[in-house]
Chemist: 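Below is the structure I would like to discuss, written out as C-alpha cells.
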Amino acid sequence: MLYKVNASGGLLIRSGPGTGYSVVGSYANGATILASVSTTNGFLQVGTNRWVSSAYTVRIGGLPCES
C-alpha cells in the first residue's frame with residue numbers, strides 16, 4: 001500500500017518494529033512510501049529489516065501500477 005509521511009520533522013526508519021530498534025534511515029515529511037498493509041506493534045514494514053511508525057503515516061492508495 002502507498003502511504004504519505006505526516007511528520008513535520010520527518011519519519012525515522014528502524015531496523016525492527018519498535019522504538020528500541022536502531023535507526024537505519026529516515027523519510028522526509030510528505031514523502032510517499034510503499035509499505036505492508038499489516039502492522040506489528042504499530043509499525044509498518046517498508047523493506048527488509050526496515051520499519052516505520054504507522055502513527056506518522058496516512059494511507060493514500062493501493063499498490064503502484066506496473067508498466
Chemist: Would you call V46 and Y27 a side-chain contact if the rule is heavy atoms closer than 4.5 Å?
Modeler: yes

Chemist: Nearest 0.5 Å please: distance from the CG atom of N49 over to the CZ atom of R14.
Modeler: 14.5 Å

Chemist: Under 4.5 Å between any side-chain heavy atoms of L2 and I33, yes or no?
Modeler: no

Chemist: So, do V24 and R50 sit near enough that their side-chain heavy atoms are less than 4.5 Å apart?
Modeler: yes

Chemist: Quick one: does N29's side chain have a donor or acceptor within less than 3.5 Å of a partner on G10's backbone?
Modeler: no

Chemist: Going hydrophobic residue to hydrophobic residue with side-chain gaps under 4.5 angstrom, can you get from I13 over to V5?
Modeler: yes

Chemist: Considering the options S38, P17, S54, which one meets the side-chain contact (heavy atoms from CB on, under 4.5 Å) requirement together with L44?
Modeler: S54

Chemist: What distance do W51 atom CH2 and T40 atom OG1 have between them, rounded to the nearest 0.5 Å?
Modeler: 4.0 Å

Chemist: In the structure I gave you, are the side-chain heavy atoms of F43 and T19 within less than 4.5 Å of one another anywhere?
Modeler: yes

Chemist: Rounded at 0.5 Å granularity, tell me how far CG in L34 sits from CE in M1.
Modeler: 9.5 Å

Chemist: Taking all non-hydrogen atoms of both residues into account, name the closest pair between Y21 and S15 and its distance.
Modeler: CB-OG, 3.5 Å

Chemist: Working note: Y3 + V52, criterion side chain to side chain contact (heavy atoms under 4.5 Å, CB included); need CA distance, chi angles, decisive distance, verdict.
Modeler: CA-CA 11 Å; Y3 294 84; V52 296; over 6 Å; no

